[in-house]
Engineer: 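Let me begin by handing over the structure; questions about it come next.
Lettering follows sequence order; numbering is per chain, from 1.
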Amino acid sequence: MTAPSEPTRAAPTEGSPGMIGKAKDWIDYRMPIFSFMEHELHEYPTPKNLNYWWNFGSLAGIILVIMIATGIVLAMNYTPHIDHAFNSVERIMRDVNYGWLIRYIHMNGASMFFLVVYIHIFRGLYFGSYKPPRELLWWLGIVILLLMMMTAFMGYVLPWGQMSFWGATVITNLFSAIPWVGDAIVTWLWGGFAVDNPTLQRFFSLHYLLPFVIVGVVVLHLWALHVHGSNNPLGIDRKSEKDSIPFHPYYTIKDLYGLGVFLIFYMAIVFFAPNALGEPDNYIPANPLVTPAHIVPEWYLLPFYAILRSITFDIWFIEAKLLGVIAMFASIFILFLLPWLDFSKVRSARFRPIYKQLFWVFLVDCILLGLVGAKAPNDKVFPGIDNFEYVQLGQITTAYYFFHFLILMPLLAKFEPTRPLPESISEPVLGNRAEAGE
Amino acid sequence: MSHSAEDTDPGLPAGDDGETRRDFLTLATAALGVGGAALAVWPLIDSMNPAADTLALSTIEVDVKGVKPGQRITVKWRGKPVFIDHRTPEQIEKAQADDAAGLPDPQADKDRVKKPEWLVLVGVCTHLGCVPLGQKPSQPRGEFGGWFCPCHGSHYDFSGRIRKGPAPTNLEVPQYQFLNETTLRIG
């Protein structure tokens, strides 16, 4: 990532060589790991105007570490077999030392991970972090999101409760919508003729593998980030040294503060409402002969589930079932195209008066989609109005989701009158101070 | 943690010894971080200790009514073999006589039994954890008639004491008690 440093380069010790300093120099000359850390974590120039929305990237990284650490310990006590999985999870809850705590941290950690990553993504949407030269960075982020969804889905299957089993059945059956080869693919995914022991065992294997793949893509994500550095709330490039501050100590301490606040929130859920985000039905052992009355995915997948269920009509020869699956996948894959759908040169919504409004409309649309995903399709949205059901709200909000990306973004990019951008990052920062008389 | 005068932020007042408020804050933050991390990691480490259901299995009861003098039986306790040896009067006599035989790990035979005719041992060689031979009449019992560990050649006597070979200590006597004449509770 960095060019090999010249032999004379001193390792970043505090001026005093000493024993430790010499050891650092010795290692650094052969493998410049200390120079690298100094370069990327200490002096790494960072825009000085980052606000708290920029905390969520490092938070996501820390949650990934928490998930892997707790997951490794859980795997030591978990048995991936349909006859033992449920009981082994209950044993973790009752008998293993701190097993309840570790499982609740892991279980709610999935929710926290998605919460933080969704905020991270919406931060990117608001401040235009996907625009040149950060398209690859954005793509790698979407890859991480997709990997997270796969990992979370397979992890949810492992306790082998009713929701585990029927969630696995419903999601794997999505692939049966593929023409001609769908059924063969589903049989292959299952390793049998239903979700059964082979399915559970491969899901466990992949659930253990994928987080490490995520770590790999996170490394690429950070690599891409560090080439051009962070975007910032003004969405303009850094022009001089005055626009930057070193990452350490300024952002390490800010990230740590954010971590403290976040951990209070996270641990409050772990200790006081550990099952608030889960489904009670998943504490009933899986029964392949009885489907629960109402199957819902975890909250973080609800908007996509809503899009899946919203397509209730065939188009030409394409069946509704297949269209729903296509729409659901398209809702994520469309993010890959965003840097070209929104070709406006102005990154930050602060200088895009119309987009700034539409961003919030889009956010509300996504929340509504989540609400639709949680409800039964034929429930009434408003108690008094009979012919407005959640399926129709889902169709409206799904249509708007794609309308936002495919129509609004290009139109705005072309026609929106943007506000003038500041000359530099320091200008508005120092300028505002001057106005305030400081 | 002491900064030289050049890299001390001029905005921070330095004490007489050159230490600044920032030094204190850095140390305090680091201490809090290390302490917090240690507390957070402890549940993960402790989860690898025996779980409650494992600990609950740590007692067994054994009926030894059918074990005749000269017979040995093996039972499983905490995943390990436990040797129960119904000793003959000659074996008891030999074991007691050897109390003064210059033992590597001196211990009187009467301290190793609750009733002289019943010898109870953890059947794990104290060298590197193999199971010594001698429970069956067909197996070698070593030079001292007790047990012989095939892994590295440790010889144990009629009291389960190490007499020859690399094992450092006598075969362990587990905690046990007689619930009645013929029922043992181990653990």
Engineer: Could you state the interatomic distance from OH (A:Tyr98) to CD1 (B:Ile45), rounded to the nearest 0.5 Å?
Structural biologist: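 The distance works out to 11.5 Å.
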
Engineer: For atom NZ of B:Lys110, is the number of surrounding heavy atoms from other residues, nucleotides or ligands below 6.0 Å larger than 12?
Structural biologist: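 Result for NZ/B:Lys110: open.
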
Engineer: So for atom CE, which belongs to A:Met267, do other residues, nucleotides or ligands contribute more than 12 heavy atoms lying within a distance under 6.0 Å?
Structural biologist: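 Count over threshold, so yes.
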
Engineer: Are any side-chain N or O atoms of A:Asn97 and backbone N or O atoms of B:Asp46, one a donor and one an acceptor, separated by less than 3.5 Å?
Structural biologist: yes

Engineer: Taking everything shown except A:Phe212 itself, do over 12 heavy atoms lie less than 6.0 Å from its CZ?
Structural biologist: yes

Engineer: When you look at NZ of B:Lys68, are more than 12 heavy atoms from neighbouring residues, nucleotides or ligands closer to it than 6.0 Å?
Structural biologist: no

Engineer: Could you measure the distance from the CD1 atom of A:Ile253 to the OG1 atom of B:Thr29? Nearest 0.5 Å is fine.
Structural biologist: 5.0 Å

Engineer: First locate atom CG of A:Asp95, then atom CG of B:Leu55, and finally report the distance between them rounded to the nearest 0.5 Å.
Structural biologist: 9.0 Å

Engineer: Please report the closest heavy-atom contact between B:Pro43 and A:Leu101, naming both atoms and the distance.
Structural biologist: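 So the two residues come closest at CG-CD2, 4.0 Å.
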
Engineer: Please say whether more than 12 non-hydrogen atoms of neighbouring residues, nucleotides or ligands are located less than 6.0 Å from CZ in B:Phe178.
Structural biologist: yes

Engineer: At a heavy-atom separation under 4.5 Å, does A:Val73 approach chain B through its side chain, its backbone, both, or neither?
Structural biologist: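 Only the side chain of A:Val73 comes within 4.5 Å of chain B.
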
